[in-house]
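For the numbers below, each heavy atom of this structure counts, side chains included, while hydrogens, waters and symmetry mates do not. Predicted, not measured: the structure shown is a model, and the values here were computed from it.
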Amino acid sequence: MIEEHEFKKHAHEALTALQGDLVLAGDDYGFQSSLHGGAIAISFDRPPGKFTIVPDAATGQIKVTLGARGYKLDWDIVENAFVHTETGQNLKELVEQAISKHLKRDVEL
């Protein structure tokens with residue numbers, strides 16, 4: 001398991017970069033995102049919905065909640081990114097796919 005100080009550094013960098021991508025894409029695709037207290041909230045008006053992305057230092061994972069579904073991403077030293085072990089998707093890819101599915105159109109972050 002990744003050490004807590006290392007996890008916090010990587011999580012902060014990953015979420016800050018993702019939030020930058022989300023802000024740029026939000027205007028084009030019609031959603032809002034905010035980064036507060038180290039967590040990202042993504043909200044949709046049409047169709048209504050909310051996604052959350054939260055770092056969990058206790059487990060060393062980033063937890064992504066997409067409606068009723070939840071995903072846990074672990075730090076992958078080889079990929080130098082948080083990765084969902086079941087799908088191999090990194091954080092940005094997973095969120096991009098989830099937003100695309102929610103909006104029923106291809107979204108590029």
Side-chain angles (χ1 to χ4, degrees):
M1 187 165 124
I2 189 172
E3 291 189 30
E4 187 175 346
H5 73 279
E6 214 177 320
F7 168 79
K8 287 181 179 180
K9 176 184 173 277
H10 291 309
H12 173 75
E13 290 170 353
L15 294 178
T16 301
L18 179 61
Q19 175 60 12
D21 293 335
L22 289 167
V23 167
L24 294 174
D27 289 337
D28 293 336
Y29 299 106
F31 63 85
Q32 299 81 39
S33 65
S34 62
L35 175 62
H36 293 292
I40 294 176
I42 306 168
S43 58
F44 304 89
D45 292 330
R46 291 192 183 115
K50 185 174 183 178
F51 298 167
T52 57
I53 305 160
V54 181
D56 184 349
T59 62
Q61 297 174 315
I62 289 184
K63 296 183 178 181
V64 180
T65 304
L66 311 169
R69 299 193 76 180
Y71 300 89
K72 297 176 183 177
L73 289 84
D74 295 300
W75 180 253
D76 186 312
I77 195 164
V78 174
E79 294 292 325
N80 198 36
F82 285 95
V83 174
H84 186 248
T85 54
E86 292 175 27
T87 64
Q89 292 176 300
N90 66 36
L91 178 61
K92 182 177 176 178
E93 293 167 343
L94 182 79
V95 171
E96 186 176 78
Q97 178 183 3
I99 293 172
S100 295
K101 187 174 180 179
H102 183 79
L103 295 176
K104 295 180 172 77
R105 64 188 274 203
D106 287 337
V107 172
E108 190 173 321
L109 299 180

Got a sec, which pairs hit salt bridge (charged side-chain N to carboxylate O under 4.0 Å, His left out) with one end in [range], sequence neighbours left out?
| range | value |
| --- | --- |
| residues 23-39 | none |
| residues 30-59 | Asp56-Lys63 |
| residues 3-22 | Glu4-Lys8, Lys9-Glu13, Asp21-Lys92 |
| residues 94-109 | none |

Quiz item: Do other residues, nucleotides or ligands put more than 12 heavy atoms under 6.0 Å from the CD1 atom of Ile77?
Solution: no
Quiz item: Going by heavy atoms in the side chains, are Leu103 and Tyr29 under 4.5 Å from each other?
Solution: yes
Quiz item: Does Leu91 reach the side chain of Leu15, with side-chain heavy atoms less than 4.5 Å apart?
Solution: yes
Quiz prompt | Passing candidate, side chain to side chain contact (heavy atoms under 4.5 Å, CB included) with Phe7, options Ile2, Thr59, Asp74 | solution = Ile2
Quiz item: How about His102 and Phe51: are their ring centroids closer than 6.0 Å?
Solution: yes
Self-check item: Smallest separation among heavy atoms of Ala14 and Phe82, with atom names
Solution: CB-CD1, 4.0 Å
If you look only at distance, which donor and acceptor atoms sit under 3.5 Å apart when one is on a side chain in residues 36-44 and the other is two or more places apart or in another chain?
residue : atom : partner : partner atom : Å
Ser43   : OG   : Gln32   : OE1          : 3.4

Self-check item: Partner residues of Pro48 under the side chain to side chain contact (heavy atoms under 4.5 Å, CB included) criterion, sequence neighbours left out
Solution: none
